[in-house]
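One structure below.
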Amino acid sequence: MTHSEQSKDHTARVPLEVFTAIFLFQVEDGWNVNARYNVARVNRLWRAASLATSALWSKFQVSGDDNADFLQQILDRSGRRNLDVSISN
């Protein structure tokens, strides 16, 4: 993002805590990890904020279709938080 683009990006002025609250609200009742990935894809700021929010990654659903790299990535992002995991077929 160029300097002129950054100056137009008003989200850069939003405190990290606000992003965290929004992200957690978005996934509060959901198990779908894809929503978390979508948040992380918006822009660099949102990605940094979402990856820094371990609570965002501590509740998820796994199935037999998930690969080990995907699961390791989720576990790494969840940090040392307690996990809330749903296992499906």
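What you are looking at is a predicted structure, and each value in this text was computed from that prediction instead of being measured.
- Of the possible donor and acceptor atoms, none in the side chain of W57 sits under 3.5 Å from a partner among the backbone N and O of R36.
- A donor-acceptor pair under 3.5 Å links the side-chain atoms of S63 to the main chain of D65, judged by distance alone.
- Note: Q72 CD to N67 CG = 11.0 Å, rounded to the nearest 0.5 Å.
- The shortest non-hydrogen separation linking A40 to R47 is O-CB, 3.1 Å.
- Closest approach of G79 and S54 over heavy atoms only: N-CB, 4.3 Å.
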### Query
What's the verdict on side-chain contact (heavy atoms from CB on, under 4.5 Å) for T53 and F19, showing C-alpha distance, side-chain angles and the deciding distance?
CA-CA 9 Å; T53 307; F19 282 113; over 6 Å; no

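- Summarising the geometry, atom CD1 belonging to I74 is positioned 10.5 Å from atom CG belonging to L83; distances are rounded to the nearest 0.5 Å.
- A distance of 8.5 Å separates CG of L51 from CG of L56, quoted to the nearest 0.5 Å.
- Looking at every heavy atom in both residues, S88 comes nearest to Q61 through CB-NE2, 3.2 Å.
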### Query
Q73 and Y37: side-chain contact (heavy atoms from CB on, under 4.5 Å), yes or no, with the steps?
CA-CA 11 Å; Q73 189 176 60; Y37 279 103; 2.3 Å; yes

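- Taking OG of S86 as the start and NZ of K59 as the end, the distance is 9.5 Å to the nearest 0.5 Å.
- With rounding to the nearest 0.5 Å, the separation of CG in N38 from CH2 in W46 is 10.5 Å.
- Under the 4.5 Å side-chain heavy-atom criterion for ILVMFWY residues, no single connected hydrophobic cluster contains both L16 and F25.
- Shortest non-hydrogen contact noted between S50 and F23 is N-CE1, 3.6 Å.
- Minimum interatomic distance between S58 and N82 (heavy atoms only, all atoms of both residues): CB-O, 3.5 Å.
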